[in-house]
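Here's the structure we're looking at; comments come further down.
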Amino acid sequence: MEGNASSSRRLQVVSGHFFQVANQTQAPRRLFNVAELQHLLDHDNHDTRQAMKEVMKNPIYVPQYDMDLRDERELALQRLKGLCHAGLYSVTDFRHNPLRIFAAHECAAFCDPSMATKMTVQFNLFGGTVLKLGTKPHHDAMLRGIDTLDAVGCFGLTELGFGNNAVEMQTTATYDASTQEFIIDTPTTLAQKYWITNSAVHAQWCVVFAQLLMKGTNHGIHGFLVRIRNPDMSVCRGVRIEDMGHKMGCNGVDNGKLWFDHVRVPRGALLNAFSDVAPDGTFRSSIAKPRDRFLKVADQLLSGRVCIASMMQSGSKLALTIAFRYAATRLAVGPTGRSDTPILDYQLQQRALMPLLARTVALNIGLNYVKDRYAAASGFDGKPVDPRVATEVLVLCCAIKPLCAWNVQETATTCRERCGGQGYLSCNRFGQLIGFAHAGMTAEGDNRVLMQKVAKELLGMMSWPAVAGRLAQADSAALPPAPSSSSSDVEALQQALSTLPVLHKLLLVREARQLRALAGVMKGVAQEGFFDEWMKAQSDLVQGTAQAFAEREVLEACMRAAAAPGVSADLREVLQQITLLYALRVVEADLPWFIGEEVLPPRAGKAVPAAVRAAVGVLGPSAQAVVESFGIPDHLVAAPIAGDWERYNRVDNQGELFGPAAKA
């Protein structure tokens, strides 16, 4: 009887490969319109998103785990082909609707991180580079095949010895005027192209980046469209490809290493939208400096950071969806000593999960803002972009990717722990998401290196009116007064810290002080000592400045979203609760800085955690509805503990969702 009573409290589901909720004895409270929040978070291309989710109802998208490496890679490819053949997005969307490209990445990542990774290389890095750097002959020859996956490509930028300093790469492209060909060559072991997604098995083409050499002059790095496999998938003459093998995650991705032994390609292989070589070897370029040419040819790394951030956000949403569903249905000890209390009722569970939920929603809104800024200044439409706007977009893209990647790493790890032993099973997906997070922290720019870029650009922006105004605003910010030793004054401090205007001022002050401190230190350093000071003495301040900027940008995006016209009163209230908890956790995480810099008094060490706990309690009744607004259908959640996990364990399922055991 007791077992039946416990079962009745859990989610009831219909059988099949996936777990669709039929009814729930304790339905989550909906204090706002869930569809309205989902519309806000999805932001754009709603029909495309829904259509992609429908396509992924095909059984090929059912997760599988105990697989041979070769089969796992083939499955990722076939899944991507299924999406490509649906015709829901195109590489040419970068010209007219880049937000659709980002939306496709978000939806793909719900299903399979490996498929999503192959997508971002095919459509952003490879396809986007051909679109932006190529001209009509390249477009006519390649774009359709890129969309259909008949022309699988890869992006040959990173070299074994030259990752973040790719401008120093050693691969060369020497022009031979007598044959009107470029000779692509890998001169050293360190020059091998490394970590090249799609190259080990599936790619026929590679955009190879190389130093352009002509008549003894190095004209800088340019991109060349090079065939690496023949139509029958045999490796082309002079090309050497090695498989990088098994990784800690995303093993459906075929990463490889590439060498080129004096491979000759026609003059037309040069992607020549900005630089070109005449038949006689005359070089011309609309970009004067070689380093600026490199920045232009590597331009898709910028949109790639938005693609990575989009995929990382889907990972965080998926982890939270699984963890909250399980926590709401897993019964453990209650006041009577019986197993009759959902673990989501415990403060331990709420304190771990609620701040991550708030931060994930906040980052979603911040990322939407970055997407809009990028789309308006992508350069694909041929319109000139104001240099200052371009710099602002660069900084935003470099800032949001690290925040989203770090968030999914912490979210997936915490959710796995809070789901106990069930979270350790592959079929419950946390291991997959943790591996994905680590890929995202490195792909398209190491997170910490990107934060260095953010801080360096901010130093050059300090005199800009918008930045100067923000610094002045920080100077005039009224901060909470230091309390006395009385408990009532400490409670007053907690109340003051539980208001968005005060939290906004705290984040403004933190950013301004750190940026000014960094500027002051670096101003006094001679040019020859700049590198050592920046890289060996001021790393903490550099990272802190960049993170303060990024987290303040996210907070302001959330405040704008909550105040936007047309937002219902109920949703506005929930958005404010989410934003408050996000901002409080930012302050709590950096509390030593706020107290050490005397921005907050020592007793804030008690007041801030108390304010976080209170904010968790306020958001709690809406949390499951917020998770529901992520809009992940059951067939894409696809984790047993997110559904009827008792029924799943009635049979010998072998830890799989696919096959007769899972159907039983």
Side-chain angles (χ1 to χ4, degrees), residues 347-348 350-363 366 403 406-407 410 414 451 470-518 520 540-559 562 575-620:
Q347 187 185 52
L348 175 69
Q350 294 180 13
R351 187 68 161 88
L353 297 182
M354 296 292 185
L356 296 173
L357 177 62
R359 186 167 67 194
T360 297
V361 174
L363 289 174
L403 293 191
W406 284 324
N407 182 62
E410 183 180 352
T414 302
M451 286 304 208
R470 194 161 66 237
L471 295 174
Q473 186 180 2
D475 289 338
S476 62
L479 297 173
S484 67
S485 59
S486 70
S487 61
S488 61
D489 281 351
V490 174
E491 291 171 1
L493 176 60
Q494 178 184 335
Q495 292 177 359
L497 290 168
S498 298
T499 62
L500 280 175
V502 168
L503 292 168
H504 182 217
K505 290 172 182 176
L506 288 174
L507 268 59
L508 279 169
V509 168
R510 180 180 64 152
E511 179 190 5
R513 287 199 185 180
Q514 295 201 60
L515 180 56
R516 282 178 170 147
L518 183 60
D540 288 351
L541 185 54
V542 168
Q543 294 294 320
T545 300
Q547 187 147 344
F549 162 82
E551 291 174 338
R552 191 265 313 151
E553 283 282 349
V554 169
L555 174 61
E556 291 182 353
C558 292
M559 294 171 70
L575 286 173
Q576 289 171 341
Q577 294 169 1
I578 289 169
T579 305
L580 182 73
L581 179 52
Y582 161 75
L584 278 168
R585 270 297 297 143
V586 169
V587 173
E588 184 180 39
D590 209 8
L591 199 51
W593 183 91
F594 284 102
I595 294 176
E597 291 291 316
E598 299 183 342
V599 176
L600 288 174
R603 286 184 178 270
K606 288 186 176 180
V608 171
V612 172
R613 289 190 293 271
V616 165
V618 171
L619 182 60

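If you read the sequence from its start, that first residue is 1, and numbering goes on from there. Small disclaimer: the values here were computed from a predicted structure and weren't measured.
Using a 3.5 Å distance cut-off with no hydrogens or angles, the side chains of Gln547 and Gln543 do not pair a donor with an acceptor.
Atom CZ of Arg510 is separated from atom OG1 of Thr545 by 9.5 Å, given to the nearest 0.5 angstrom. The CG atom of Leu591 lies 13.0 Å from the NZ atom of Lys606; values are rounded to the nearest 0.5 Å. In this structure, CG in Asp540 is found 10.0 Å from CD in Gln514, a value given to the nearest 0.5 Å. Distance check, rounded to the nearest 0.5 Å: CG of Leu508 to CG of Leu503 gives 11.0 Å. Between atom CG of residue Leu357 and atom CG of residue Leu581 there is a gap of 8.5 Å, rounded to the nearest 0.5 Å. Expressed to the nearest 0.5 Å, how far CZ of Arg359 lies from CH2 of Trp406 amounts to 11.0 Å.
Distance alone, capped at 3.5 Å, is enough to place a donor-acceptor pair between the Arg513 side chain and the Glu597 backbone. For the pair Tyr582 (side chain) and Leu363 (backbone), a donor-acceptor distance under 3.5 Å is absent.
When all heavy atoms of Leu584 and Ala615 are compared, the pair lying nearest together is CD1-CB, 3.9 Å. In plain terms, the two heavy atoms of Arg516 and Leu471 that are nearest each other are NH2-CB, 3.5 Å. A pairwise comparison of heavy atoms in Thr499 and Leu580 identifies N-CD1, 3.9 Å as the closest pair. Of all non-hydrogen atoms in Leu493 and Arg603, the two that sit nearest each other are CD2-C, 4.2 Å. In this structure, Ala474 and Ala512 approach most closely via the heavy-atom pair CB-CB, 3.5 Å. Closest of all the heavy-atom pairs between Leu500 and Leu555 is CD2-CD1, 4.3 Å.
Exactly one of Glu556, Gln473, Arg552 qualifies for a side-chain hydrogen bond (donor to acceptor under 3.5 Å, both in side chains) with His504. That residue is Glu556.
The shortest side-chain heavy-atom distance between Pro355 and Glu410 does not fall under the 4.5 Å cut-off. Within the 4.5 Å cutoff, the side chain of Leu403 has heavy atoms near those of the Met451 side chain.
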(message) Could you walk me through whether Leu600 and Leu497 satisfy the side-chain contact (heavy atoms from CB on, under 4.5 Å) test, starting with their C-alpha distance in whole Å, then the side-chain angles of each, then the deciding distance to 0.1 Å, before giving a yes or no?
(response) CA-CA 10 Å; Leu600 288 174; Leu497 290 168; 3.9 Å; yes
(request) Go through the steps to decide whether Val587 and Leu507 satisfy the test side-chain contact (heavy atoms from CB on, under 4.5 Å), and finish with yes or no. (result) CA-CA 8 Å; Val587 173; Leu507 268 59; 3.8 Å; yes
(request) Take Val616 and Arg585, measure what side-chain contact (heavy atoms from CB on, under 4.5 Å) needs, and give me the verdict at the end. (result) CA-CA 10 Å; Val616 165; Arg585 270 297 297 143; over 6 Å; no
(request) Assess whether side-chain contact (heavy atoms from CB on, under 4.5 Å) is satisfied between Phe549 and Leu515, documenting all intermediate values. (result) CA-CA 9 Å; Phe549 162 82; Leu515 180 56; over 6 Å; no
